[in-house]
Amino acid sequence: MHDIRFIREYPAAFDAGLKKRNLAPLSAEILAIDTRRRAAITESEGIQARRKTLSQQIGMAKRKGEPADALMAEVAALEEGLKKGEALAAELDAELTRRLEVLPNLPAGDVPAGSDETANVEVRRHGNQRNFSFAPKDHVALGEATGEMDFAAAVKISGSRFVFLKSHLAKLERALAQFMLDLHTIEGGYTEVSPPLLVKDAAVYGVGQLPKFAEDMFHTDNGFWLVPTAEVPLTNLVNDTVLDEKDLPLRFTAYTPCFRSEAGAAGKDTRGIIRVHQFPKVEMVSITTPEQSAAEHERMTGRAEEVLKRLGLAFRTIVLCGGDMGPASRKTYDIEVWLPGQTAYREISSCSNCGDFQARRMAARFRPKEGKGTRFVHTLNGSGLAVGRTLIAVLENYQNEDGSVTIPEALKPYMGGLTTIPAPAK
RNA sequence: GGAUGGGUGGCCGAGUGGUUUAAGGCACCGGUCUUGAAAACCGGCGUGGGUGCAAGCCCACCGUGAGUUCGAAUCUCACCCCAUCCGCCA
């Protein structure tokens with residue numbers, strides 16, 4: 001949600017930010033509504049002040065037993081104008097909110113301009129793409145050969161874009177999640193959280209997913225949303241609260257399934273488990289002061305990269321251009337892991353600094369050490385990592401010619417002594 | 001699913017039609033005292049909005065929205081949310 005005072009003060013900067021998002025300028029239109037709104041407020045408040053004074057006089061007169069008929073008549077005469085003024089002010093206020101709540105956050109100054117992923121900018125690369133002495137298979141071929149990745153069963157029970165993992169693969173998924181959580185809690189300083197996965201409208205509105213992106217999520221018939229990411233419950237942990245500056249930053253991590261309807265993704269990534277309706281993810285969320293958030297963003301991205309480094313997976317980190325960022329973000333790094341089965345880097349994490357955009361929507365503030373009043377916190381979220389896609393990366397990068405898969409060193413403690421996922425029986 | 005109770009400032013909590021300009025406490029900030037701290041004492045301290053160069057002035061806000069009234073935290077209605085008990089259940 002945008003601050004109308006910022007738009008009043010810096011209309012050109014506001015429009016420039018929208019332009020980076022490939023949106024037309026809106027400041028003139030919005031400020032016109034704001035001007036009419038303020039005029040309506042000023043007028044109706046004047047009438048209210050008058051009524052208040054008169055009512056107090058009526059009270060005093062009655063207590064003294066004096067007649068108050070003239071005063072009461074004067075108040076009655078105000079009635080109509082007051083009703084109209086209040087209604088107009090409320091209507092204009094609602095219109096302003098309707099306009100503002102659907103707008104995306106303004107990109108940070110160092111975010112590149114551009115309309116789609118072709119304008120994203122690579123900021124660093126790590127690790128080497130593995131050279132294979134044989135033709136590497138993709139994760140589907142590897143998983144189906146052993147029967148441990150079962151799409152046919154999932155189709156029967158849930159339809160397309162679901163999967164059963166069995167035996168070693170189910171265990172590998174669990175090992176990955178546990179490895180990541182340990183890394184974030186022990187080394188990263190994050191507090192592990194096990195959050196609700198069904199949430200109310202207000203929570204989803206708070207992170208900016210509602211009212212505009214309802215179709216991307218699943219909804220239950222008694223009014224809950226299935227979380228599309230643990231960002232929703234974790235960030236809302238601070239909704240409607242006033243924190244103490246000394247308690248910031250707050251860092252939360254959670255391992256949860258994520259549910260996405262993938263509306264509008266028909267025909268995209270239909271093979272395998274790259275894009276499914278339900279996937280496991282370890283999420284990181286930080287709550288900071290405005291001064292801390294840029295540094296925290298780098299730190300968080302570094303923690304996500306650290307997972308890939310420990311797993312020995314090659315990746316690159318890119319900064320998204322204005323047109324490719326999620327709506328709540330002011331700056332986003334995507335981390336892409338090398339997938340030999342696709343001979344491509346594919347997104348495995350997305351780390352966003354949302355500034356005060358979500359904080360405004362969910363009323364998350366802090367009391368500064370210096371100065372009076374309250375300020376909005378900054379919120380950040382990042383995957384650390386998408387566990388399903390990490391599983392793909394491990395399978396494809398650590399596969400052997402016979403179809404077996406070597407377990408990466410870092411995961412061995414979590415695999416109960418297993419060093420290799422066996423090759424399929426011939 | 002059935003029954004009951006309840007939503008008041010950062011937190012706790014009083015308040016059943018008119019100086020409520022929301023008591024009191026806690027927390028926080030400043031001061032006195034102290035070698036320093038604690039305690040004690042004194043003072044300050046809600047949020048949002050409008051207006052103004054500013055000092056300031058004004059309006060709203062007691063879950064949300066309507067209503068009654070000259071006047072509503074307080075009365076009426078609807079809705080939302082929370083809690084407890086019973087039933088069912090991992």
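Small disclaimer: the values here were computed from a predicted structure and weren't measured. Residue numbers begin at 1 in each chain, while the letters A, B, ... track the order of the sequences. What's counted below: heavy atoms across the whole structure, side chains too, no hydrogens, waters or symmetry copies.
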J.: For residues 206-216 of chain A, which side-chain N or O atoms pair as donor and acceptor with protein atoms under 3.5 Å away, sequence neighbours left out?
T.:
none

J.: Counting only heavy atoms and a strict 4.0 angstrom limit, can you tell me which residues of residues 37-46 of chain A come near RNA chain B?
T.: A:Arg37, A:Arg38, A:Ile41, A:Thr42, A:Glu45

J.: According to side-chain contact (heavy atoms from CB on, under 4.5 Å), who are the partners of A:Arg174, at least two apart in sequence or on a separate chain?
T.: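 Testing A:Arg174 for side-chain contact (heavy atoms from CB on, under 4.5 Å), a comparison that skips the adjacent residues, returns A:Lys171, A:Gln178.
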
J.: Going by salt bridge (Lys or Arg N to Asp or Glu O under 4.0 Å), name the pairs with one or both residues in residues 224-243 of chain A, residues two or more places apart or in two chains.
T.: none

J.: Which pairs count as salt bridge (Lys or Arg N to Asp or Glu O under 4.0 Å) when at least one residue sits in residues 40-56 of chain A, sequence neighbours excluded?
T.: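 For residues 40-56 of chain A: A:Arg50-A:Glu74.
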
J.: Restricting to nitrogen or oxygen on both sides, can you table the protein-nucleotides 6-11 of chain B pairs closer than 3.5 Å?
T.:
unit_1 : atom_1 : unit_2   : atom_2 : d
B:G10  : O4'    : A:Arg367 : NH2    : 3.4

J.: List the residues meeting salt bridge (Lys or Arg N to Asp or Glu O under 4.0 Å) with A:Lys246, not counting sequence neighbours, and say none if there are none.
T.: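 Listed in chain order: A:Asp244.
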
J.: I need the CG-C1' distance between A:Asp3 and B:G48, as an integer number of Å.
T.: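 Going from A:Asp3 (CG) to B:G48 (C1'), I get 12 Å.
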
J.: With sequence neighbours excluded, what pairs up with A:Arg375 under the side chain to side chain donor-acceptor pair (under 3.5 Å) test?
T.: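 Side chain to side chain donor-acceptor pair (under 3.5 Å) list for A:Arg375, sorted by chain: A:Glu291.
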
J.: Classify A:Arg360 by what it touches in the nucleic acid, base, sugar-phosphate, or nothing, heavy-atom distance under 4.0 Å.
T.: nothing

J.: Using residues 325-332 of chain A as the side-chain source, report each donor-acceptor pair under 3.5 Å to any protein atom, sequence neighbours left out, with the distance given to one decimal.
T.:
unit_1   : atom_1 : unit_2   : atom_2 : d
A:Ser329 : OG     : A:Lys331 : N      : 3.1
A:Ser329 : OG     : A:Lys331 : O      : 3.0
A:Ser329 : OG     : A:Thr332 : OG1    : 2.6
A:Lys331 : NZ     : A:Asp110 : OD2    : 2.8
A:Lys331 : NZ     : A:Tyr333 : OH     : 3.2
A:Thr332 : OG1    : A:Ser352 : OG     : 2.8

J.: Kindly give the atom pairs (protein nitrogen or oxygen, nucleotide nitrogen or oxygen) under 3.5 Å for nucleotides 65-67 of chain B.
T.:
none

J.: Are there any protein N/O atoms within less than 3.5 Å of an N/O atom in nucleotides 15-22 of chain B, and if so, which ones and at what distance?
T.:
unit_1 : atom_1 : unit_2  : atom_2 : d
B:G18  : O2'    : A:Arg63 : NH2    : 3.4
B:G18  : N2     : A:Ser55 : O      : 2.9

J.: Just to be sure I follow the notation: if a pair is Watson-Crick (purine N1 to pyrimidine N3 plus N6-O4 or O6-N4) or a G-U wobble (N1-O2 and O6-N3), each under 3.5 Å, what dot-bracket string does RNA chain B give, with | for pairs to another strand?
T.: ((((((((.[[[..)..(.....]]].(((((.......))))).((((((....)))))).[[[[[..)....]]]]])))))))....

J.: Counting only side-chain N and O atoms of A:Arg5, is one of them less than 4.0 Å from OP1 or OP2 of B:G50?
T.: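 Looking at the OP1 and OP2 atoms of B:G50, neither is under 4.0 Å from any side-chain N or O of A:Arg5.
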
